[in-house]
**Student:** 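Questions regarding the structure given below will be posed in turn.
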Amino acid sequence: MAFTAADVKKLREMTSVGMMECKKALTEADGDFDKAIELLREKGLAKAAKKADRVAAEGVVCAKVCDECGIAAIVEVNAETDFVAKNADFQAFVNDVATVIIKENPADVEALKACKMGELTVETALQEKVLTIGENIQIRRFARFDANTVNVAYNHMGGVIGTLVALEVSDNLKDNATVKELGKDIGMQAAAMNPAFMDKSEVDEATLAKEKEILLAQALEENKTAAKPKPEQIIHKMVEGRIGKYYEENCLLQQAFVKENKVTVEQHIAAVAKELGGEIKLVKCVRFERGEGIEKKQDDFAAEVASMAK
């Protein structure tokens, strides 16, 4: 079946794939649109496999709360370049993935990929994005909060960092705007300060022992050069005091509240609860920063130019 340039243009509009790819697909499909679309999807799968070994350390973090049910989700989807991260189509895809997480409650990323997203599965939709965008795209991680808490989402710098905060509140505060504002403030604090723990009770013994070891070594070294060296038992008491400083720097609830640094986050929550005449407790906080922990490829521009000149 013959096809025209207008057919190629129509297929491109339907799929967002490049003109040459569309022309090849129509040629191979003998002008059959449905078969051409199927071929492009198959090529998308093949392209995804070829691109899968390329480092995807950019992308978008999306945190959102369902206005109707109150369930919340946060997801990180990675791409290779910041340019793609700013692409409206890519951002819409990430938002849709977060919606699927809210609705379907998948157990892990593999289960998420098997979930339906419109007429397709999430995995098929992902492969189509690889085809149309032309980069390795990976769903890296997600978290989901049920509706039994007041959930608040905060997105920073267009998806560079996202946070989800879950507050357990008394019945009289469940729809309170001040509580939601508090949740946003806590999310902003977590985004800015990047605490390692939510509360000091979460610091495990191994981490605490290592920190004490480091602080003790520092204190003993300081004591060597002190004008009046202190007894060793005093040094150990100093270390215990410095552990409090570690909590203040690394535990969200013990950090100084960024909007009023004379009180801790924990004290601020208590003050808001008292003012509103109810109870508020921070029970969960998740912070995702795009690409954190992923080793980025360092391009050797000189070597690349040299190889092109050969």
Side-chain angles (χ1 to χ4, degrees), residues 16 48 51-52 54-106 108-109 112-113 115 117-118 120 122-123 125-145 150-167 180-196 198 252 258 284-297:
S16 298
K51 297 176 191 295
R54 288 169 20 185
V55 177
E58 298 295 336
V60 168
V61 174
C62 175
K64 66 183 297 185
V65 180
C66 176
D67 291 333
E68 296 175 0
C69 67
I71 296 172
I74 182 170
V75 63
E76 178 185 359
V77 181
N78 298 120
E80 294 175 50
T81 64
D82 184 53
F83 178 76
V84 166
K86 294 174 181 175
N87 178 288
D89 189 40
F90 177 76
Q91 292 177 347
F93 170 73
V94 179
N95 184 72
D96 289 344
V97 172
T99 299
V100 172
I101 294 165
I102 287 171
K103 290 182 178 178
E104 302 297 333
N105 192 20
D108 52 31
V109 171
L112 170 59
K113 288 180 180 179
C115 292
M117 179 187 280
L120 308 174
V122 171
E123 183 164 28
L126 174 66
Q127 303 295 358
E128 289 197 350
K129 285 290 171 283
V130 172
L131 177 63
T132 56
I133 291 173
E135 288 193 6
N136 179 19
I137 298 171
Q138 299 287 337
I139 299 172
R140 185 184 183 196
R141 54 183 173 167
F142 70 86
R144 181 181 183 275
F145 293 174
V150 173
N151 301 318
V152 183
Y154 173 68
N155 294 290
H156 184 65
M157 293 176 63
V160 174
I161 299 171
T163 60
L164 268 191
V165 170
L167 298 169
K180 291 181 180 178
E181 187 64 28
L182 171 65
K184 183 181 177 183
D185 286 343
I186 295 169
M188 290 171 67
Q189 170 106 16
M193 304 305 292
N194 192 17
M198 190 180 80
L252 177 58
V258 289
K284 282 185 286 189
C285 181
V286 172
R287 178 190 188 275
F288 287 172
E289 183 169 348
R290 78 172 181 202
E292 62 185 344
I294 300 175
E295 187 175 346
K296 295 186 180 182
K297 181 182 177 183

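Quick caveat, the model's predicted, so the values are computed rather than measured.
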**Student:** Considering only heavy atoms from C-beta outward, does the side chain of Val130 approach that of Glu135 to under 4.5 Å?
**Tutor:** no
**Student:** Taking side chain as C-beta onward, heavy atoms only, is Val75 less than 4.5 Å from Arg141?
**Tutor:** no
**Student:** Tell me, with the steps shown, if Glu289 and Val61 meet side chain to side chain contact (heavy atoms under 4.5 Å, CB included).
**Tutor:** CA-CA 7 Å; Glu289 183 169 348; Val61 174; over 6 Å; no
**Student:** Using side-chain heavy atoms (C-beta onward) and a distance below 4.5 Å, is Val77 in contact with Ile137?
**Tutor:** yes
**Student:** Once you round to the nearest 0.5 Å, how far does CD of Glu292 lie from CD1 of Ile161?
**Tutor:** 8.5 Å
**Student:** Distance from Arg144 atom CZ to Ile102 atom CD1, nearest 0.5 Å?
**Tutor:** 8.0 Å
**Student:** Would you say that Met117 contacts Phe93 through its side chain, given a criterion of any heavy-atom pair below 4.5 Å between the two side chains?
**Tutor:** yes
**Student:** Return the SG to CZ distance between Cys285 and Phe145, rounded to the nearest 0.5 Å.
**Tutor:** 7.0 Å
**Student:** With the threshold set at 4.0 Å, does a side-chain nitrogen-carboxylate oxygen contact exist between Arg290 and Glu76?
**Tutor:** no
**Student:** Is the closest side-chain donor-acceptor distance between Gln91 and Asp89 under 3.5 Å?
**Tutor:** no
**Student:** Output the distance between atom CE (Met188) and atom OH (Tyr154), rounded to the nearest 0.5 Å.
**Tutor:** 4.5 Å
**Student:** Using atom types as modelled, flag every donor-acceptor pair under 3.5 Å from a side chain in residues 62-74 to any protein atom, sequence neighbours excluded.
**Tutor:**
from: Lys64; atom 1: NZ; to: Asn95; atom 2: OD1; distance (Å): 3.3
from: Lys64; atom 1: NZ; to: Thr99; atom 2: OG1; distance (Å): 2.8

**Student:** Count the heavy atoms belonging to other residues, nucleotides or ligands that lie under 6.0 Å from NZ of Lys103, then report whether that count exceeds 12.
**Tutor:** no
**Student:** Please check: side-chain N/O of Glu58 versus main-chain N/O of Asn78, any donor-acceptor pairing under 3.5 Å?
**Tutor:** no
**Student:** To the nearest 0.5 Å, how far apart are CZ in Phe288 and OG1 in Thr163?
**Tutor:** 11.0 Å
**Student:** Any non-hydrogen side-chain atom of Val109 less than 4.5 Å from a side-chain atom of Lys113?
**Tutor:** yes
**Student:** Hey, could you give me the CG/NZ distance between Asn151 and Lys180, rounded to the nearest 0.5 Å?
**Tutor:** 10.0 Å
**Student:** Please tell me if the side chains of Ile186 and Leu167 come closer than 4.5 Å, counting only heavy atoms from C-beta onward.
**Tutor:** yes
